[in-house]
Amino acid sequence: MTDYEKLADLLFPQIDKDGTYYENKYPARNLKEGAKVTRFAPSPTGFLHFGNLYTMLVAYRTAKNSDGIFYVRVEDTDQKRKVEGAVEVMLKSLAAYGIEPDEGVIGENQEKGEYGPYRQSERKDIYQAFAKDLVKQGLAYPCFCTADELDEMRSRQENEPQKGYWGKWAKCRNLSLDEIQKKINDGAEWTLRLKSPGTPEGKCRFDDAIKGKIEMPENIQDVVLLKSDGIPTYHFAHAIDDHLMRTTHVIRGDEWISSTPIHLQLFRVLGFKPPKYVHVATIMKEENGGKRKLSKRKDPEAAVTYYSQQGYPKDSVNEYILTLANSNFEDWRRANQTAPLEEFPLNFKKMSVSGALFDIVKLTDVSKNVISKMNAQKVFDLSYQWAKEYNTDLAALYEHNKDRAKAILNIDRENKKPRKDIAKWSDIPDYISYMYDETFTPCYDLTGNATPSLAVKVLEKYIDTVNLNDSKDEWFGRIKDMCEAVGCTPNVKEYKANPENYDGHVGDVSTIIRVALTGRTNTPDLYAITELLGENTVKQRLEAALNHYKEEM
Ligand code: GLU
């Protein structure tokens, strides 16, 4: 038995399995050629950043577009940061955008799949088996340095070009078996470090699927693999887990690029084939002419929950994320107006290298478009579901008469050029407020040629002529017919040619009626509104407006 083998037994007496055992236990996946295996590997904090959703939508689509697997692995090695129920919350947030894992952690206490356990806290024996193998080969060693000793080392390195625990600074690298034995007998705590094979001149080269070819100095640090409690660091767990779970594409935030030389070195010493790295640039936000990261602390829209609270439909958010992800998405959308998003061929090479810019105005536009294409039933169903959770007043309004609510939402919808008034469900209460007496607030401000004195004439006439049994043409015919009697022309062109001959035109007459009925100068189809308001309300509002303008004159 070599000293390394003896050391391995000394450090890990309880570990009776080795890497080969786990290699056999988790064989290569039986998937079709080209299928990609991607994953979401959250630390269970319960907070899902918009950037996570963005990255995970890319990961999910990458797996789905190739008939691969998307799984969830919970990185809960930091027990101090553990938050009860966090996993459930994060999974729910993903599910709200259609991201349903094929495998892995699928609920607070639920797992599915052959490559588990999928919680790092339950994989201690696996990490230690590989750690033991490394020690046996002389590729890892116990380090007994205390925090004070490490601080002291750092202060002595002040003028060194290469800092850290490496080469000659790595005090515990060459301890003899006897020395180690003695320290352990004395009850000294130890961490396990990699004996890095890197050299200061060495280079690490890899081809990132988004960023392209990258060259960095290779890793020379004897990084910690296991902490003193035997729990792995992110680096070690990443290598073991992504290898054993047979991840083909590690899709993660680009804050990990600087650690990638460590990771590639670990794959090498462990004898694993490295995955393809796909480093997604952080979502940025414009501020004072500059750019900064979309921040959990400063920006409410950084939290994925913001979008559900505001009532952005999942289709809008997903569509917007694709505009952020691939610059050619909008061209594709124009050419494929009704195609489901799943058909878009997402391409890593077209992703921003420096960080896509988050733009709420753009999200609003995208969402208005998406909602304008929904039928009234869908708008009703989704907004009702939202209202029950976030706006019970709206839910109550709907419940007065659901068919009427649907009819209101159907105004100027399901036609060739639907209006684009609604960007999110929380816009609806205001959008439909004048359709309900409970929420109608009159406002008698007029625009154009409409004046209070013209309004009095128009309303006096209209109260007598309006007939809720009219067809749309008859209704508009009556409005046109009224024009002359109130000193206006039914013909806008005619008005423009000789404005001095008239007090206004049919548009001004309509404005007066619109303002009286809705309190607004711009609304969807006034005929449909009139019908849905019903005879009593129409008469009441016309009278009230008439009284108002009479007083104002
Ligand atoms: N747990 C890591 C994080 O939340 C995962 C990074 C990765 O995807 O590998 O940042």
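The first residue of the sequence shown is numbered 1, and numbering continues consecutively from there. This structure is a prediction, so every number in the text was calculated from the model and none was measured. All ligand and atom numbering here is 1-based and tracks the order in the structure.
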**OP:** Identify, with sequence neighbours excluded, every residue that meets side chain to side chain donor-acceptor pair (under 3.5 Å) alongside His235.
**Re:**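 Testing His235 for side chain to side chain donor-acceptor pair (under 3.5 Å), a comparison that skips the adjacent residues, returns His263.
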
Which pairs of donor and acceptor atoms, one on a side chain in residues 136-144, lie under 3.5 Å apart (sequence neighbours left out)?
unit_1, atom_1, unit_2, atom_2, d
Gln137, NE2, Asp133, O, 3.0
Tyr141, OH, Asp222, OD2, 2.6

Subject >> ring pair (Phe, Tyr, Trp, His ring centres under 6.0 Å) partner of His243, the single match among Tyr22, Phe272, Tyr115 >> reply: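 Only one of Tyr22, Phe272, Tyr115 forms a ring pair (Phe, Tyr, Trp, His ring centres under 6.0 Å) with His243, namely Phe272.
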
Subject >> Arg252 N/O under 3.5 Å from ligand 1 N/O >> reply: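 Checking ligand 1 against Arg252, no N or O pair falls under 3.5 Å apart.
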
**OP:** Indicate yes or no: does an N/O atom of Arg39 lie under 3.5 Å from an N/O atom of ligand 1?
**Re:**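 Yes - when backbone and side-chain N and O of Arg39 are compared with those of ligand 1, one distance drops under 3.5 Å.
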
Original post:
Using the ring of each side chain (for Trp, its six-membered ring), is Tyr307 parallel, tilted or perpendicular to Tyr312, with breaks at 30° and 60°?
Top reply: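 Ring orientation, 0 to 90° scale: tilted.
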
Original post:
Any idea which protein heavy atom is nearest atom 1 (N) of ligand 1, and the distance to it?
Top reply: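 The closest one turns out to be Glu75 OE1, 2.6 Å.
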
**OP:** Among all protein heavy atoms, pick out the one at the shortest distance from atom 9 (O) of ligand 1; state its residue, atom name and that distance to 0.1 Å.
**Re:**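 Here the nearest protein heavy atom works out to Tyr234 OH, 2.4 Å.
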
Original post:
Which option out of Ser43, Ala41, Pro44 puts a heavy atom nearest to atom 5 (C) of ligand 1?
Top reply: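 Closest candidate by heavy-atom distance is Ala41.
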
Subject >> Closest candidate by heavy atom, reference atom 6 (C) of ligand 1, pool Phe40, Tyr277, Trp256 >> reply: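 Selected option, by shortest heavy-atom distance: Trp256.
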
Subject >> Passing option when Phe130 is tested against Leu244, Leu225, Val135, Ile15 for side chain to side chain contact (heavy atoms under 4.5 Å, CB included) >> reply: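 It is Leu244, the one option of Leu244, Leu225, Val135, Ile15 that forms the side chain to side chain contact (heavy atoms under 4.5 Å, CB included) with Phe130.
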
